[in-house]
> 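The following block contains the structure, expressed as structure tokens.
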Amino acid sequence: MDSMLSLEKVTHYFGGLKAVSNFNLELPDGALYGLIGPNGAGKTTIFNLITGIYTPTEGSIKLMNESIIRKKPYQIVHMGIARTFQNLRIFGSLSVLDNIRISRHYTVGKSKHTGNRKHKESSDLVQTNLFDSFFRTRNYLKAERQITDEAIDLLKLIKLDDVMHEQAKSLPYGKLRKLEIARALATHPSVLLLDEPAAGMNPAEIGELMDLIHFIRDNFKITILLIEHHMKVVMGICEYIKVIDFGETIAEGKPVEVANNPRVIEAYLGKEEGKCS
Amino acid sequence: MGKKIFFISRRMLLFVAGALGMLLLVLFFNATGIFTDYIVQIINISLINVILAVSLNLINGFTGQFSIGHMGFAAVGAYTSATVTTLIAKVTPRLPYTEFININGYIVFILALLLGGIVAAGIGFLIGFPSLRLKGDYLAIITLGFGEIIRTIFNNIDYVGGPRGLLGIPKFSNLIMIFVITLLSVIAIRNLVFSTHGRALLSIRENELASELVGVNTVRYKITAFTIGAFFAGIAGGLQAHLLQIAHPTQYGFLYSILVLIMVYAGGMGSITGSIIAAFALTFLSEGLRTALPGLGDLMHVKIGDEWRMVVYSLLLIIIMLFRTEVLMGMREMKLLVPEEEEHHGQHA
């Protein structure tokens, strides 16, 4: 199995506007790909299509050769695709730990799911339902403990365990970004989509973030696709880059090739001169 | 992890013991005449309001939906259970012409109460569906409309008395009965809230899209919240009908729904403790003003009629809201309601 996630001829219209046009992507298992392009190029739309928020007008999206089109977003998460958001969507008034524990919630109630190839322990999770939680049965408490332990382990790994009992919205911005990545990881994904993870970060935080992304890929053996504006991040960590503008792929290849591609330079310079608002 | 006695943790046992202690105290004061039957009746109504407020909190405070037709569910529960006990089974709390307790009657009552809850839950399930498409103010209008529809339907069904109301309902609800059912309802909702399912509900309130994208089936959970909330409202309605011995369409109007909503907000959205305190405080405040206002008037040698009660009551509410935006409990919980193993983990402490 070489292709983890594949998009074929994906096209999406918003009314008459072609937001994504004939987009193809083959994401090999364990890859770290970047998706770049000027503002309004359709990057986030592609993420929304993969995660089921939008249904593509045309084309196919497959995760491990299984179509995910017309699946509900939460079902796609269960299948193994997790994401973060460009503008943070943290469960602000909940604790950091609860933010993580919510991601593990869905494994309660099903003893096995497809997204946990790499995490054996989650397949042993005990089945519980509403009835169990009303009566706090032995099984239920066991499952709850397991969720909590796993969440704490993950927070330790990501080095957020020192703030795990804090209210999430009280964290500094850099840690919130980290928390969102951790929350996505807690769903035990096969593919992780990062939407501008470095947005709003200072240079020190960006360095940390790049380390973190490498760490995640190597430790969790996850395939990563990321959208980013910081060229330092994209050029620094991505193995392969796809550049889109106005919903169309204008270039792709290794970071060095893309950086010297005249069409890419034009697209970016055009933006600076105010070609698109 | 605390020691367990069956399913009950030591802390929960303490909570139950504390509540039972208060019940015994009330019974003792009532027997010695310190608490009049009038005060006991206010306590009864407060306890029923606790169920209503806590169950509405599940929908509004924990899941972040905006339902303002809660008494509609209570009406369904009240009319359903009262129809069973009064019109179909025709049971009474005591055996005819004796002082013996009619055990069969009580069994019928409990079953009728449950049936009322289940029918209300069914309606709640249906009302849950608009919540999938609508949010905030729009959902509020839908639930408001629903509450009025229910009320008007009962107003027009002659079998249950129509505009006269359903009269002669046997008085099955008493302090002990209401207390036990309120306690069980509070514990059930507390257990749900402090569980993985409860966290799923909270995540919908916090950010629905993010919730869906960490794998929460938001559709299912929103409907679940409405269904469970409606179930307990139905139970509360049944208890109330068998306490006041009447089910009348005007009892379940918009004003009462708003009153329950105020209890949820004043107590703190997402705090069970807050709802309990607010239900008692506002019920006692509303009743207390009945005697306090004329008394105050006498002191100042002016006549303050009962019609000023709602003015003062509403004014006090405004003051509460203005000076305590965090309201009574914010999102905190009293320690006895927090499971031991959750103590440090959640924000509920």
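Proteins come first, then strands; the chains are lettered A, B, ... in the order of their sequence lines, and each starts at number 1.
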> In the structure I gave you, are the side-chain heavy atoms of B/Asn207 and A/Phe91 within less than 4.5 Å of one another anywhere?
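Touching, per the 4.5 Å side-chain cut-off.
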> To the nearest 0.5 Å, what is the distance between NE2 on B/His197 and OH on A/Tyr140?
7.0 Å
> Do you know the tightest heavy-atom contact between B/Pro339 and A/Arg136?
CB-NH2, 3.3 Å
> State whether the side chain of A/Glu144 and the backbone N or O of B/Ser195 hold a donor-acceptor pair below 3.5 Å, judged by distance alone.
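A pair under 3.5 Å: no.
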> Knowing that exactly one of A/Ile100, A/Ile102, A/Val77 qualifies, which makes a side chain to side chain contact (heavy atoms under 4.5 Å, CB included) with B/Val214?
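Testing each of A/Ile100, A/Ile102, A/Val77 against B/Val214, the sole residue satisfying side chain to side chain contact (heavy atoms under 4.5 Å, CB included) is A/Ile102.
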> Quick one: what part of B/Ser211 sits under 4.5 Å from any heavy atom of chain A, side chain, backbone, both or neither?
both
> If you tally heavy-atom pairs under 4.5 Å against chain A, which of B/Ser203, B/Ala200, B/Ala188 wins?
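Ranked by contacts with chain A, first place is B/Ser203.
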> Rounded to the nearest 0.5 Å, how far does CD1 of A/Ile147 lie from CZ of B/Arg199?
5.5 Å
> Under 4.5 Å heavy-atom distance to chain B, tell me which part of A/Ile53 shows up: side chain, backbone, both or neither.
side chain
> Would you say A/Phe85 and B/Leu209 make side-chain contact, with heavy atoms under 4.5 Å?
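Yes - at least one pair of side-chain heavy atoms lies under 4.5 Å apart.
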> Considering only NZ, NE, NH1 and NH2 on the basic side and carboxylate oxygens on the acidic side, decide whether B/Glu208 and A/Arg89 come within less than 4.0 Å.
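Salt bridge absent between B/Glu208 and A/Arg89.
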> For the candidates B/Leu192, B/Asn217, B/Leu213, which exhibits the highest count of non-hydrogen atom pairs separated by less than 4.5 Å from chain A?
B/Asn217
> Would you name the heavy atoms of B/Glu212 and A/Pro73 that are closest together and state the gap between them?
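For B/Glu212 and A/Pro73, the tightest heavy-atom pair comes out as CG-CB, 3.3 Å.
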> If you measure from CG on B/Leu202 to CG on A/Asn99, what distance do you get to the nearest 0.5 Å?
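Going from CG on B/Leu202 over to CG on A/Asn99, the span is 10.5 Å.
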> Count the heavy atoms of every other residue, nucleotide or ligand shown that sit under 6.0 Å from CZ of A/Phe215, and state whether that count exceeds 12.
yes
> Using non-hydrogen atoms only, which part of B/Ile228 is less than 4.5 Å away from chain A: side chain, backbone, both, or neither?
side chain
